[in-house]
Q: 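Sharing a structure here in structure tokens format.
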Protein chains: 2
Amino acid sequence: MRQIKHPNMDQVELTDIMYALSDPTRLEIVGRLANAGRKLTCGELDLNRPKSSMSHHFKILRAAGLVETLIEGTEHMNALRVAEIEQKFPGVLQSVLRALA
Amino acid sequence: MRQIKHPNMDQVELTDIMYALSDPTRLEIVGRLANAGRKLTCGELDLNRPKSSMSHHFKILRAAGLVETLIEGTEHMNALRVAEIEQKFPGVLQSVLRALA
DNA sequence: TCTATAGTTCGATTATATTCGAACTATAGA
DNA sequence: TCTATAGTTCGAATATAATCGAACTATAGA
């Protein structure tokens, strides 16, 4: 598996996004990715949880189209798909990020 | 029980709102309330589901601060708390409503 | 006071999510 | 080729949610 697969925006439902953002841990991840302004590894987020739990949450964030993960060496670099989400659902992610800040 | 209790906005968490909006049935209810532009009874929504199921979803929408229910006679009149939600979490509900339309 | 109506509550069933340890995969670097 | 590192997958336990029938509450109107 060379790179992780991500959904196209036209496959993403609003309910997927709402669901992904309904968990405090995932909202925390999203907030940190937004604040970082650069790609972060899962480890850098350090939410004090087992790797398998983090992996689970990232899977859901990816499925919702919120996060893009690029494999670089042994690390997985994560970024928010802000622009794409913004185009599909204008204002939704941006207003959530504003609410988090 | 004269009137139904609703949470103050300062008791409402963003995760509550995201969770409430993550269910297709509830998103449908929210969309219809927004489009109606007036208070609707549960029955008027007519989503073809048992009363107990509808009541369950309304309970969650109320707990999330999204819906306000006023008892008038035997009917429960429901409205979105658009202005209050907008003040607490600017843009969140509005952008979701735009995405639904 | 009786009846119909609107919605809630209760309780049980089923479905879906969360959590996390253990085993696994893939890559970098020695 | 060996080892360490980063993250995924698997599996099982536990928790939370959705669904809906049946019984209940409250009000309007006859």
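Source: prediction; values computed, not measured. The figures here come from the full heavy-atom set of this structure, side chains too, leaving out hydrogens, waters and symmetry mates. Numbered from 1 within each chain, the chains take letters A, B, ... in sequence-line order.
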Q: Measure the shortest side-chain to side-chain distance between B/I17 and B/V96 over non-hydrogen atoms and say whether it is less than 4.5 angstrom.
A: no
Q: Between protein and nucleic acid, restricted to nucleotides 3-6 of chain C and to nitrogen or oxygen atoms under 3.5 Å apart, what atom pairs and distances do you find?
A:
unit_1: C/dA6; atom_1: O4'; unit_2: B/T74; atom_2: O; d: 3.0

Q: Once Watson-Crick and G-U wobble pairs under 3.5 Å are found, how is DNA chain C written in dot-bracket notation, 5' to 3', with | for any base paired to another strand?
A: ||||||||||||||||||||||||||||||
Q: For A/E86, give me all partners under salt bridge (Lys or Arg N to Asp or Glu O under 4.0 Å), at least two apart in sequence or on another chain.
A: none
Q: State whether B/R2 places a side-chain N or O below 4.0 Å from either non-bridging phosphate oxygen (OP1 or OP2) of D/dT25.
A: no
Q: Assess whether a salt bridge exists between B/R49 and B/E28, defined as any Lys/Arg side-chain N lying under 4.0 Å from an Asp/Glu carboxylate O.
A: no
Q: List, with names and distances, any nitrogen or oxygen atoms from the protein found under 3.5 Å away from nitrogen or oxygen atoms belonging to nucleotides 10-16 of chain D.
A:
none

Q: For A/E84, check salt bridge (Lys or Arg N to Asp or Glu O under 4.0 Å) against everything at least two apart and list the hits.
A: A/R81
Q: In Å, rounded to the nearest 0.5 Å, how long is the span from NE2 of B/H76 to OG of B/S55?
A: 8.5 Å
Q: With side chains defined as the heavy atoms from C-beta onward, is the minimum distance between B/R26 and B/L66 less than 4.5 Å?
A: no
Q: Give a yes/no answer on whether the side chain of A/H56 brings an N or O atom under 4.0 Å of OP1 or OP2 in D/dG7.
A: no
Q: Within this structure, what is the CD-CE distance for the pair A/Q11 and A/M9, rounded to the nearest 0.5 Å?
A: 10.0 Å
Q: For B/N48, give me all partners under side-chain contact (heavy atoms from CB on, under 4.5 Å), at least two apart in sequence or on another chain.
A: none
Q: Among C/dT8, D/dT9, C/dT27, which nucleotide sits nearest the side chain of A/S55?
A: D/dT9
Q: Quiz question: by atom type and distance under 3.5 Å, do the side chains of B/R62 and B/H6 form a donor-acceptor pair?
A: no
Q: Distance check, rounded to the nearest 0.5 Å: B/E75 atom CD versus B/L40 atom CG?
A: 10.5 Å
Q: Please confirm whether the shortest side-chain N or O distance from B/R62 to OP1 or OP2 of C/dG7 is below 4.0 Å.
A: no
Q: Please check if atom NZ in A/K39 has more than 12 non-hydrogen atoms from other residues, nucleotides or ligands closer than 6.0 Å.
A: no
Q: Answer yes or no: does a side-chain N or O of B/R26 lie under 4.0 Å from OP1 or OP2 of D/dA18?
A: yes
Q: Is any side-chain N or O of A/H57 closer than 4.0 Å to OP1 or OP2 of C/dT19?
A: yes
Q: Mapping A/T25 and B/T69 onto DNA chain C by nearest heavy atom, which one lands closer to the 5' end?
A: B/T69
Q: Provide, to the nearest angstrom, the distance between the CG atom belonging to A/L70 and the P atom belonging to C/dT27.
A: 15 Å
